[in-house]
2 protein chains.
Amino acid sequence: MQEVLRDAKSLLRRENYRCTAQREVILELLARHSRRHYTAEEIHQSLRDENPQLGLSTVYRTLVVLEDVGLIRRLDVGDGVSRYEFDADDAAPHCHLICIRCGDVRDIACPVPQEMQSLIEAESFQITDYSMSFFGMCSHCTRRVRDGKIGDPGEDIHLMQ
Amino acid sequence: MQEVLRDAKSLLRRENYRCTAQREVILELLARHSRRHYTAEEIHQSLRDENPQLGLSTVYRTLVVLEDVGLIRRLDVGDGVSRYEFDADDAAPHCHLICIRCGDVRDIACPVPQEMQSLIEAESFQITDYSMSFFGMCSHCTRRVRDGKIGDPGEDIHLMQ
DNA sequence: TTAGATGCAAAGGCTTTGCAATTCT
DNA sequence: AGAATTGCAAAGCCTTTGCATCTAA
């Protein structure tokens, strides 16, 4: 963890960005909760107590920087808000299971199949990034629906803006 | 094509939506250009000449309805604007190749691999939809960069909002 | 020292919504 | 007739930006 942060700092400097306190705390939060998918607002809320001076616009600007150098990745679950996840160098390729009822986003290891890569390379398309998401109901919500605890589709989160 | 539209109309009625002139022209446009990925604004522009009265908010509301009944699908290329594509019943599963330089979005046949589906089902996750996108440079832009016609990365479209 | 980064408030841009008028069924 | 739909304008919401101030290097 400490090493991850040290590497990140040197990467930032190498890319001609400064290592500011704000960038450090934001990156540290994302790295510490590498399975979470934070919105800018959530990051701001999470850090506000310890860093009362942190501005929301700084969070937004920092996310742009961190994504630019490849330390984090942006994810869109379809609700009109960008979410971000830490992206370690050795991060395994994964896709997202997005529950349309509770909004939970879960990673699942799943490499891009060779057959798919071949198809794309055949198009002479140079891949630099990818995103694979599956929408549906997580096991938790499926169980709750089956047990009659929730049944009204109106309870679904509003995924399509 | 005519049959597609007829089926669509009966589907709308079955789902308790009315078949209005606005819904018809919008659906007809999307169905006629099934390989395109229209933004609400583009749909509005495309139809304004023939239907001067069509309002942009009606386009937005119609897109919600058409997506709700499963006639179209929403796509996010990461620029903060929603795009929509016609989704026929017999549409082959496909993913999107999104060029980060020219913004072109291209479909490519590519079914969800069985191994991936198995992994997800193992999580007891009930899939209702999915989205697979690959970002990078299309063959056209790759060629232009190689030929020195474009080289400044600043020309890239701004994909991350 | 000084170019880059931050905070705040204001502006932007896409999308949604209130409401009166219109139109499918 | 009556409820759904439409258009317009206004509002919402997430995100970006201008600018004076601050700060890492």
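Each chain gets a letter, A, B and so on, in the order the sequences are listed, and its residues count up from 1.
No side-chain heavy atom of B/S82 sits less than 4.5 Å from a side-chain heavy atom of B/L63. Between B/D76 and B/S133 there is no side-chain heavy-atom pair separated by less than 4.5 Å.
For B/T39, no side-chain nitrogen or oxygen approaches OP1 or OP2 of C/dC14 to under 4.0 Å. Considering only side-chain N and O atoms, B/T20 lies under 4.0 angstrom from the phosphate OP1 or OP2 of D/dT6. Contact check, A/Q53 against C/dC8: no side-chain N or O comes under 4.0 Å of OP1 or OP2. Of the side-chain N and O atoms in B/T58, none sit less than 4.0 angstrom from OP1 or OP2 of D/dT5.
With hydrogens and angles left out, the side chain of B/R61 and the base of D/dG7 share a donor-acceptor pair within 3.5 Å. At a cut-off of 3.5 angstrom, counting only N and O atoms as typed in the model, there is a donor on one side and an acceptor on the other between the side-chain of B/R18 and the base of D/dA3.
Checking D/dT5, C/dG7, C/dT15 against the side-chain heavy atoms of A/Q22 singles out C/dG7 as nearest. Distance from the side chain of A/C19 is smallest to D/dA25 among C/dA5, D/dT5, D/dA25. Closest to the side chain of B/R23, from the set C/dT6, D/dC14, D/dT6, is D/dT6.
Rounded to whole Å, atom P of D/dA4 lies 17 Å from atom CZ of B/R13. D/dT15 atom C1' lies 14 Å from atom CD of A/E67, rounded to whole Å. Taking atom CD of B/E24 as the reference point, atom P of D/dT6 lies 11 Å away to the nearest angstrom.
For the pair B/R61 and B/Y17, the cation does not sit on the ring face, since its NZ or CZ is not both under 6.0 Å from the ring centre and inside 45° of the axis.
Each of B/L71, B/I72, B/L75 was compared with B/Y84 under the side-chain contact (heavy atoms from CB on, under 4.5 Å) criterion, and only B/I72 meets it.
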Given B/E67 and B/R73, is the salt bridge (Lys or Arg N to Asp or Glu O under 4.0 Å) satisfied, shown in steps?
-> CA-CA 6 Å; B/E67 192 188 17; B/R73 297 181 67 197; over 6 Å; no

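Two residues, A/P52 and A/V65, neighbour DNA chain C, and the one matched to the more 5' nucleotide by heavy-atom proximity is A/V65. The 5' end of DNA chain C is approached more closely, in terms of each residue's nearest nucleotide, by A/S57 than by the other of A/S57 and B/L56.
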